[in-house]
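Presented below is the structure to which this report refers.
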Amino acid sequence: MRQQNLRVVNPELKVAPKKKEERPKALEQTDFFPELRYMGSKRRLLPWIHEILATLDFETALDPFSGSNSVSYLIKAMDRRVVSSDFLNLSATLGKALIENSSVHLDGPAMKRLLAEPANTHHFIEETFSGVFYTPEDLKFLDRVSCNIRQLDDSAQQALAMGALMRSCVKRQPRGVFTISGDLSKYDDGRRDLRLSIEEHFFEQVKVFNEAVFANGRRNKAGREDVFKVGTSGADLVYLDPPYVPRADDNCYIKRYHFLEGLSCYWQGLDIDFSTKVRKIPKRFTPFSYRREAVEAFERLFQHFKKQKIVLSYSSNGYPDLDQLTEILKKTKKDVRVFKRDHTYHFGTHSKVKRASVEEYLIVGQ
DNA sequence: ATCACCCCGTTTCCGGTCGT
DNA sequence: ACGACCGGAAACGGGGTGAT
């Protein structure tokens, strides 16, 4: 405890607690959300998104680009029914653990089974990623737990354990992306997360995921659907956070998170490209990644959700630009409003390099 | 209360190939 | 020639923490 805290202060005079009381309950719950270091994550924007969602009348929300599931988590915390989906299995897994699951935890018996030495151990991860990521002990541990996860009876427990395992892997990496490999000692700045083994992380992350589980009195769902195949019946709002075409770059999530996507299904049915240094899996197609197809993709997207209120998350970095997007949205929605907010990246790159200041948008159409 | 030091993010850059 | 695409990696300052 700090010295200053020992000073006697009249609690009535303190201002800070008053502020705390004013913070919405839903946002308090989002403090428990286990963030991945995920590209495009809206976690820091959750208070702003909450503010705008709170003005809208809806009972059931779709989140078909769920990603890290942070916005689904927020909407669940706002006591609405949530249907979360993504075309990545890692996102669907996080959704099953934190959105669909309301009550299941990883208890003692489950942990015992997860950590047991399996009868017939597979060595796929150890054999494939030796010298690429992690230590041999870490890789052996990943093989062991991966095998044991599939032996659990409860699918929510499986998802929770996989979520904890994925977050352990992310924390053990010096950067949030799986594009750097080999000798990563130059990135070692002494931080605690790099000193812990994946096994040590796993124990911590199981606790974190257990504490993140909550119920909101609704039957929430999480799945892995293409956005154009997501069912819309019964939903009155859709939150859309599609990948966007960057100005001069790509937005491929597989290239950054291939390891987590593979891990989430133990690379079942996935082809590994051994010509790549980091053992990548094939990129998955989405029209939102291509300049040629993005405009048409948005037209189809808005058409697909023509009966729902649309809340579209977007940034000034993207193509097509805000004006084009609002014009497209006006084809299916009478009332289109744009909320803007400056987004300063807390971390990141190249302050010497000139770049357009980024504005985040929420475009609401109803 | 101040300040040095530690932690750590994630977009953007770079150099290359491919397709037209 | 040109832009799209791809694999891979760098950047550097904000914010937290603990010692003083």
Side-chain angles (χ1 to χ4, degrees), chain A residues 1-7 9 16 31 33-46 67-68 70 88 90 129 131-133 166-196 201 204 241 243-262 271-295 297 313-320 342-360:
Chain A
M1 190 179 278
R2 285 187 217 168
Q3 202 69 19
Q4 66 178 51
N5 290 346
L6 296 175
R7 278 191 298 168
V9 176
D31 289 344
F33 178 74
E35 76 235 47
L36 292 183
R37 300 139 99 182
Y38 203 65
M39 183 172 67
S41 171
K42 294 295 177 287
R43 191 185 52 85
R44 282 200 308 277
L45 296 171
L46 289 183
S68 68
S70 60
L88 293 183
L90 78 93
F129 293 99
V132 181
F133 301 122
M166 290 195 293
R167 194 157 190 258
S168 301
C169 289
V170 167
K171 284 185 159 288
R172 188 71 183 77
Q173 276 287 86
R175 293 294 182 269
V177 291
F178 291 86
T179 57
I180 50 172
S181 69
D183 178 17
L184 302 179
S185 57
K186 67 178 164 182
Y187 295 103
D188 190 348
D189 49 20
R191 86 186 77 150
R192 179 175 177 274
D193 280 355
L194 297 184
R195 291 198 300 269
L196 297 188
H201 276 298
E204 293 189 357
D241 187 11
Y244 56 79
V245 184
R247 285 277 152 75
D249 205 355
D250 67 88
N251 62 1
C252 183
Y253 281 74
I254 288 288
K255 110 169 172 183
R256 294 165 174 84
Y257 306 108
H258 62 95
F259 188 85
L260 301 182
E261 181 67 5
D271 287 322
I272 289 186
D273 181 352
F274 281 91
S275 74
T276 61
K277 192 174 170 186
V278 294
R279 306 285 184 255
K280 289 206 297 197
I281 56 178
K283 178 176 176 170
R284 208 158 301 153
F285 174 79
T286 165
F288 295 96
S289 289
Y290 298 89
R291 191 165 279 262
R292 282 190 307 278
E293 306 186 41
V295 168
S313 194
Y314 214 62
S315 120
S316 58
N317 265 352
Y319 171 88
D342 289 324
H343 188 249
T344 49
Y345 296 111
H346 280 228
F347 306 98
T349 66
H350 303 226
S351 66
K352 282 177 188 165
V353 175
K354 272 196 174 179
R355 60 174 172 179
S357 71
V358 178
E359 263 184 332
E360 287 285 333

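Letters A, B, ... are given to chains in the order of the sequence lines, protein chains preceding strands, and every chain is numbered from 1.
The aromatic rings of A/Phe129 and A/Phe259 sit perpendicular, their planes meeting at an angle over 60°, well past the 30° parallel limit.
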What does the list of N/O pairs under 3.5 Å between the protein and nucleotides 6-8 of chain C look like, with a distance for each?
unit_1 : atom_1 : unit_2   : atom_2 : d
C/dC6  : OP2    : A/Lys283 : NZ     : 2.4
C/dG7  : OP2    : A/Lys280 : NZ     : 2.5
C/dG7  : O5'    : A/Lys280 : NZ     : 2.9
C/dG7  : N7     : A/Lys255 : NZ     : 2.9
C/dG8  : OP1    : A/Lys277 : N      : 2.7
C/dG8  : O6     : A/Lys255 : NZ     : 3.1

Check nucleotides 16-20 of chain B for protein N or O atoms closer than 3.5 Å to its own N or O atoms and list the pairs.
none

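The residues A/Asp273 and A/Lys280 are annotated as not salt-bridged, no charged nitrogen and carboxylate oxygen being separated by less than 4.0 angstrom.
Checked against the 6.0 Å centroid criterion, the rings of A/Tyr244 and A/Tyr314 qualify as a close aromatic pair.
Proximity note for A/Met39 (side chain, C-beta onward) versus B/dT10, C/dA4, B/dC8: the nearest is B/dT10.
Atoms NZ (A/Lys171) and P (B/dT10) sit 12 Å apart, rounded to a whole Å. To the nearest angstrom, P of B/dT11 lies 11 Å from CG of A/Leu45.
Side-chain N or O atoms of A/Arg172 include one that pairs as donor or acceptor with a backbone N or O of A/Leu194 at under 3.5 Å. When atom types are taken as modelled, the side chain of A/Arg284 and the backbone of A/Ile254 share no donor-acceptor pair closer than 3.5 angstrom. At distances below 3.5 Å, not a single donor-acceptor pair connects side-chain atoms of A/Tyr38 with backbone N or O atoms of A/Tyr257.
Stacking of A/Arg256 on the aromatic ring of A/Phe178 is not recorded, the 6.0 Å distance cut-off and the 45° axial limit not both being met.
Between A/Asp193 and A/Val177, the residue anchored closer to the 5' end of DNA chain B is A/Asp193, taking for each the nucleotide with the nearest heavy atom.
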